[in-house]
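Written out below as structure tokens is the structure these notes cover.
Predicted model only: the values in this text are computed from it and were never measured. Every number for a ligand or one of its atoms is a count from 1 in the order of the listing.
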Amino acid sequence: MKFDLDRQQPGRSVLAVKERLHSGAPEPLPAEIELDGQLTVDNLEGRVVLLGVLRGAAPAICDRCLDDFTCRFTAEVEIIVLRNVSAVGESETGVIHQRRGEVDLTEPLREAALLGLPQKMLCDEDCRGICPRCGTNRNREACGCAEEVGDPQGEEPTEL
Ligand SMILES: [Zn+2]
Ligand SMILES: [Zn+2]
């Protein structure tokens with residue numbers, strides 16, 4: 001998404017964000033991420049600061065039950081556009097050196113989205129996962145397997 005430096009009023013304004021991004025991240029991370037929400041834009045002398053927390057959504061697969069679900073998360077965004085620095089040093093995360101014209105926000109938004117993704121992809125905090133014995137998705141139905149753990153050799157659950 002583009003952000004036009006030349007069309008910003010001085011002072012504070014609001015920028016609506018609704019973006020669908022290619023994550024560029026390897027599997028199992030989602031290939032596409034949607035961001036939605038608002039950023040506060042502070043157009044200051046020599047720099048523009050975009051700040052806010054966006055809602056993220058991405059198609060994901062649950063680590064426990066392997067079901068598809070939509071992972072919802074929050075992405076904290078902080079982007080600083082420095083307009084009065086001519087030298088482009090090593091680029092810090094979230095810092096863009098640009099004097100005027102359109103700034104491309106795609107990359108910093110993508111980075112913020114990737115940072116916001118949860119470490120563990122769970123369809124639900126209480127996801128019961130898949131039964132290691134019979135493979136039943138225990139969110140959908142209760143299988144009759146005993147809850148005991150260990151004994152990976154035991155093929156047949158003993159019926160009493
Ligand atoms: Zn699950
Ligand atoms: Zn089972």
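Note that the CD atom of Q38 and the CZ atom of R55 stand 8.5 Å from one another [nearest 0.5 Å]. With rounding to the nearest 0.5 Å, the separation of CG in L15 from CZ in F3 is 6.0 Å. With rounding to the nearest 0.5 Å, the separation of NZ in K120 from CG in D63 is 5.0 Å. Taking CD of E78 as the reference point, atom CD1 of I80 lies at 5.0 Å (rounded to 0.5 Å).
Around the Zn ion (ligand 1), protein atoms of type N, O or S found under 2.8 Å number 4.
With the Zn ion (ligand 2) as vertex, C143 SG and C134 SG subtend 110°, rounded to 10°.
Using modelled atom types, no side-chain atom of D42 and backbone atom of L44 make a donor-acceptor pair closer than 3.5 Å. Remark: the backbone N or O of P30 is paired with a side-chain donor or acceptor of S23 at under 3.5 angstrom.
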